[in-house]
Amino acid sequence: MNRIFSGVQPTGNLHLGNYLGAIRNWVELQHSYNCIFCVVDLHAITVPQKPEELVQATREVTAAYIACGIDPKKSIIFPQSAVSIHAELSWILGCHTPLGWLNRMTQFKEKTGKHADKASLGLYGYPVLMAADILGYRATHVPVGEDQKQHLELARDIAGAFNRFYNQDYFPLPEPLIQGPATRIMSLRDGTKKMSKSEESDYSRINLTDNAEAIELKFRKAKSDALPTITYEPEKRHETANLINIYAALSGNSREKIVEEFGDKNFSAFKKALAELAIFFVPSRRLMIRVAGP
Ligand code: TYM
């Protein structure tokens, strides 16, 4: 059977982007693949973390996986730092990764901006550790959001370089699975920026732990444009397109059907319906379980 590997960093709250872009798809994939879902705490320490908070966040992400529907009887769930092969293989693969390949990584450039010299070697080598995660288990498929596409292409390149060097098909080339209308959920405050854990304003994202009032308020305050009708024009109407994509992912309806249903209604009616859907589907209540300490 084909094997899946994927992971989430235990930094900050999980948000609707993590859920719709990744975790919700994993729940379905459990039925047709052998699945390994990791909480990637070694990736988290590529930027400074407080040790106690990292331990707690690792437990909380693990609880979130289960609350979202990952079945620990079906799938393997574990923290990355518990298995030493990730760090060990990362070193070996790093010896087969030309610097030129790493210099192309847009996420590193975005994260460091003009201060790349101050970034750690760990942050620079982040995609090599990600390749080690995947190749260490000879995973064949990797379900992620759109933002991880370039890292997965690099993982394939590294696997190919390793196989050529040792002249054997040692690692399968992992296939990215980037599926559905929600592969890139944008900020609720700025439709040109990705929804992320690190954006300062909490109004930019729906956290999986948000209660119904918070979800309703955040969608009500979500940025939209001044046009009277609702149309899907992702090149021009970024915020509106994002809300339609979220609605499509939560409801399972096509964008065309959504535009047909809400096209001539006003934004407040659409946002209200969207909030109701999110309150129903986002697994916040199940996440209220207290995560016990060690
Ligand atoms: P992380 O923790 O940033 O994100 C976890 C998953 O959520 C997806 N995602 C989104 N999808 C749609 N819209 C968004 N706004 C959005 N934000 C995040 C991400 O694409 C990802 O699938 N490097 C990875 C973690 C990782 C990993 C791996 C993934 C480490 N090793 C091996 C797969 C295989 C990351 O930073 O995820």
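First listed ligand is number 1; within each ligand, the first listed atom is number 1.
The backbone of A182, and not its side chain, has at least one atom closer than 4.0 Å to an atom of ligand 1 (non-hydrogen atoms only; backbone = N, CA, C, O). Counting heavy atoms under 4.0 Å from ligand 1, residue V142 touches it through the side chain alone. Proximity of I185 to ligand 1, defined as any heavy-atom pair under 4.0 Å, is shared by backbone and side chain alike. Using a 4.0 Å cut-off between heavy atoms, L129 makes no contact with ligand 1 at all. At a heavy-atom distance under 4.0 Å, only side-chain atoms of D133, from C-beta outward, approach ligand 1.
Geometrically, R138 engages Y170 in a cation-pi contact, judged by NZ or CZ lying under 6.0 Å from the ring centre and within 45° of the ring axis.
L20 has its side chain out of reach of N245: every pair of non-hydrogen atoms, C-beta onward, lies at least 4.5 Å apart.
Considering backbone and side-chain atoms together, K194 places no N or O closer than 3.5 Å to any N or O of ligand 1. Of the polar atoms of G145, at least one N or O is found under 3.5 Å from an N or O of ligand 1, judged by distance alone. Between E146 and ligand 1, no N or O atom pair is found at a separation short of 3.5 Å. Ligand 1 has no N or O atom lying under 3.5 Å from any N or O atom of G21, backbone or side chain.
Counted by atom type alone, Q49 and E53 present zero donor-acceptor pairs between their side chains at under 3.5 Å. Judged purely by distance below 3.5 Å, without hydrogens or angles, the side chains of S196 and S198 pair a donor atom with an acceptor atom. A donor atom on one side chain and an acceptor atom on the other are not found under 3.5 Å apart for N207 and Y19.
Considering each of H15, Q148, R205, M130, the one bringing a non-hydrogen atom nearest atom 17 (N) of ligand 1 is H15. Ranked by closest heavy atom to atom 29 (C) of ligand 1, the top entry among G7, S198, S187, A132 is G7.
Close contacts between ligand 1 and H43 involve ligand atoms 30 (C), 31 (N) [criterion: under 4.0 Å to a heavy atom]. Those atoms of ligand 1 with a heavy atom of K197 less than 4.0 angstrom away are 2 (O). When each atom of ligand 1 is checked for a heavy atom of A22 under 4.0 Å away, the hits are 6 (C), 7 (O), 22 (O). Residue-ligand proximity, V8 to ligand 1, at heavy-atom distances under 4.0 Å covers atoms 2 (O), 5 (C).
Distance alone, capped at 3.5 Å, is enough to place a donor-acceptor pair between the E239 side chain and the G191 backbone. Formation of a donor-acceptor pair under 3.5 Å by the N163 side chain with backbone atoms of D169 is not found in this model.
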